[in-house]
Amino acid sequence: MRVLLVEDDANLRFGVAAALRAAGLAVDEAVDLPQADEALFVTAYDCVVFDRMLPGGDAAEYVEELRRSGRAVPVLFLTDVLRAALGERELTYLGWSYGTSLGTAYAELFPRRVRAMVLDGAIDPSLDWSQRVLSQSAGFRRSVDDYADHCAEVAGDSCPADSPDAIRALIERLYTRAGREPLPVSEDSSYAEYGGMDATAVLDAVSMAMYTPEDQWEPLSRALAAADAGDATGLGALDEEEPAEEEPAEEEPAEEEPAPEDSGEGGPGDEDVPPVDNEGAALTAVNCLDVPHPRDLDAYWDVLPRAEKAAGVYGTAGVAAELTCRGWPSGGRTPHRVDADGVPPVLVVGTTGDPSTPYAEAESLAEQFPGGMLLTYEGMGHTAYGRGDACVTEKVDAYLVGLKSVRPGATC
């Protein structure tokens with residue numbers, strides 16, 4: 001049986017292809033719909049496995065085009081393939097952050113194949129690009145305010161100043177200084193080749209540290225104090241990868257690479273070599289294609305005043321970041337309210353101090369699902385389940401395992 005796997009994320013494609021080959025299937029791979037189209041013209045496949053959204057358009061719409069053109073071929077969507085591979089008649093799903101978009105898409109495609117679904121850190125599919133950037137930018141601004149207000153509780157003596165107002169002033173001072181001239185870093189810093197950290201880099205470092213206060217606020221505090229004293233090296237290192245000494249262990253399987261080449265199975269010799277991490281590129285593709293973006297530059301200028309009013313520098317920086325999508329082709333999806341008639345009650349978990357997926361989006365998503373339930377976590381950071389709160393863990397586990405409903409207004 002020959003299968004065409006279409007998936008733009010290299011790591012996911014590698015893992016799924018390996019699993020399908022282990023099951024005895026011949027697998028060809030494509031990274032987007034144009035590549036899939038070319039492959040389908042020259043090869044007769046028994047089945048095509050798609051992700052829900054791919055560069056080049058909406059897979060569901062593409063399938064309809066195949067059927068209309070007479071090139072019908074059995075089609076499976078990736079999440080449903082995983083459900084079937086597990087031998088489950090219905091899917092039990094837990095998705096965090098962007099995983100809530102994937103879960104919502106599955107529920108819309110296969111509402112009656114859902115057993116239970118938890119969506120934590122919700123993305124509201126009804127928002128257009130400008131509404132989304134305003135929502136998220138305001139979330140990050142509130143989270144930085146939370147950092148200033150609660151630094152002493154979380155980071156203790158590491159706080160970069162002795163009061164919330166002083167912390168806010170220090171951060172603003174760094175933004176202003178970096179806007180005039182990059183903040184100095186050591187020669188071994190990844191920012192050394194750029195002459196230091198500019199204002200965008202400083203803002204990104206501060207924003208990314210809002211995701212997990214329990215892990216990130218203490219090192220952020222030390223880095224801010226050092227940057228204010230004249231050395232931003234620590235600030236630039238906050239978002240760096242794990243130490244390089246861990247990498248050789250991951251590369252060891254590459255030494256066994258000749259075995260597949262000599263096996264006579266006909267596949268390329270490097271099929272089992274893990275791909276280079278393309279997380280950043282995949283994230284850009286996903287963000288730009290999930291929500292249509294205007295090509296007219298004026299549309300972005302028009303949003304800037306509202307963004308600045310709603311979130312200050314976080315808003316204007318957010319709009320500027322969206323310009324990346326201006327030249328991308330639009331995917332087939334448009335902002336819409338959830339259409340999942342027949343799906344069982346879905347549990348949406350929202351964190352009141354979530355920087356990346358603000359609580360209001362969780363409220364909206366829960367309301368859009370028929371019978372949707374909302375669990376509120378009064379806390380800070382991105383998402384709630386799995387971060388140690390016993391109340392959230394108990395309620396989510398009871399629902400996932402025993403389908404126990406969460407009462408209206410439930411709060412942890």
Side-chain angles (χ1 to χ4, degrees), residues 92-104 107 114 116-127 131-132 134-156 164 206-218 220 311 314 338 343-412:
T92 299
Y93 182 89
L94 167 62
W96 289 272
S97 196
Y98 185 72
T100 67
S101 286
L102 301 180
T104 299
V114 175
M117 180 171 286
V118 174
L119 305 177
D120 184 1
I123 294 175
D124 183 353
S126 71
L127 302 183
Q131 293 169 322
R132 182 164 293 182
L134 290 173
S135 171
Q136 188 175 70
S137 299
F140 277 109
R141 180 179 188 173
R142 285 191 298 269
S143 290
V144 175
D145 279 339
D146 286 342
Y147 163 68
D149 289 335
H150 300 283
C151 181
E153 302 167 26
V154 178
V206 172
S207 297
M208 292 303 293
M210 297 300 109
Y211 279 76
T212 51
E214 63 273 21
D215 296 327
Q216 295 176 289
W217 281 10
E218 189 170 338
L220 170 67
Y314 304 95
V338 174
V343 73
V346 170
L347 176 58
V348 180
V349 183
T351 300
T352 55
D354 195 315
S356 181
T357 51
Y359 178 71
E361 295 194 36
E363 290 182 301
S364 176
L365 185 61
E367 185 271 330
Q368 291 176 47
F369 272 105
M373 302 177 291
L374 176 65
L375 173 61
T376 299
Y377 172 54
E378 293 183 336
M380 298 171 289
H382 183 42
T383 73
Y385 183 69
R387 288 181 55 209
D389 184 83
C391 171
V392 172
T393 300
E394 178 185 354
K395 293 184 183 302
V396 171
D397 286 353
Y399 165 73
L400 285 174
V401 176
L403 297 180
K404 182 177 179 180
S405 298
V406 172
R407 61 175 176 78
T411 301
C412 291

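We're numbering straight along the sequence, starting at 1. The shown structure was predicted, so the numbers you read here are calculated from the model rather than taken from an experiment.
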- According to the interplanar angle, ranging from 0 to 90°, do the rings of Tyr211 and His382 count as parallel (below 30°), tilted (30 to 60°) or perpendicular (above 60°)? perpendicular
- Shortest non-hydrogen pair, Ser126 vs Gln368, comes out as OG-NE2, 3.7 Å
- Query: Is the backbone N or O of Thr411 less than 3.5 Å from a side-chain atom of Glu378, with the two atoms forming a donor-acceptor pair by type?
  - Reply: no
- How far apart are the C-alpha atoms of Arg387 and Val392, what are their side-chain angles, what is the distance that settles it, and do they pass the side-chain contact (heavy atoms from CB on, under 4.5 Å) test? CA-CA 9 Å; Arg387 288 181 55 209; Val392 172; over 6 Å; no
- Query: Between Ser97 and Thr383, what is the shortest heavy-atom contact and its length?
  - Reply: N-CG2, 4.2 Å
- Message: Testing the basics here: between Ala366 and Leu374, what is the closest heavy-atom pair and its distance to 0.1 Å?
- Response: CB-CB, 3.9 Å
- Note on the structure: The reported gap from CG in Asp124 to CD in Glu363 (rounded to nearest 0.5 angstrom) is 11.0 Å
- Nearest-0.5 Å distance, CG of residue Asp354 to CE of residue Met380: 12.0 Å
- Message: Quick check: do Tyr399 and Leu375 have side-chain heavy atoms less than 4.5 Å from each other?
- Response: no
- Query: Backbone N or O of Asp389 within a donor-acceptor pair of the Thr393 side chain at under 3.5 Å?
  - Reply: yes
- Query: Among Leu400, Val346, Asp397, Val406, which one satisfies side-chain contact (heavy atoms from CB on, under 4.5 Å) with Val118?
  - Reply: Leu400
- Do we see a donor-acceptor contact under 3.5 Å between the side chains of Thr376 and Tyr359? yes
- Note on the structure: One should read off an interatomic distance between Leu102 CG and Thr100 OG1, to the nearest 0.5 angstrom, of 8.0 Å
- Verdict with reasoning, Ser135 to Gln131, per side-chain hydrogen bond (donor to acceptor under 3.5 Å, both in side chains): CA-CA 6 Å; Ser135 171; Gln131 293 169 322; over 6 Å; no
- Message: So which atom in Ala107 and which in Val114 form the shortest heavy-atom distance, rounded to 0.1 Å?
- Response: CA-CG2, 4.3 Å
- Atom pair CG/OG1 of Leu119 and Thr357 - distance to nearest 0.5 Å: 11.0 Å
- Side chain proximity check, His150 to Pro213, heavy atoms < 4.5 angstrom: no
- Message: How about CD on Glu214, more than 12 heavy atoms from neighbouring residues, nucleotides or ligands closer than 6.0 Å, or not?
- Response: yes
- Side-chain contact, heavy-atom cut-off 4.5 Å: Asp120 with Tyr385? yes
- Message: A side-chain contact here means heavy atoms from C-beta on lying under 4.5 Å apart; do Val349 and Lys395 qualify?
- Response: no
- Message: Using side-chain heavy atoms (C-beta onward) and a distance below 4.5 Å, is Pro125 in contact with Leu365?
- Response: yes
- Note on the structure: Between Pro370 and Val343, the two heavy atoms sitting closest are CG-CG1, 3.8 Å
- Message: Under the criterion side-chain contact (heavy atoms from CB on, under 4.5 Å), I'd like the reasoning laid out for Val206 against Phe140: C-alpha separation, chi angles, the key distance, then a yes or no.
- Response: CA-CA 9 Å; Val206 172; Phe140 277 109; over 6 Å; no
- With rounding to the nearest 0.5 Å, note down the distance linking CG in Leu347 to OH in Tyr93. 13.5 Å
- Item | Contact check, side chains of Ser356 and Gln136, non-hydrogen atoms, under 4.5 Å | yes
- Query: Can you tell me how far the CD atom of Glu394 sits from the NZ atom of Lys404, to the nearest 0.5 Å?
  - Reply: 7.0 Å
- Query: What's the shortest heavy-atom distance between Ser143 and Met210, and which atoms?
  - Reply: O-SD, 3.4 Å
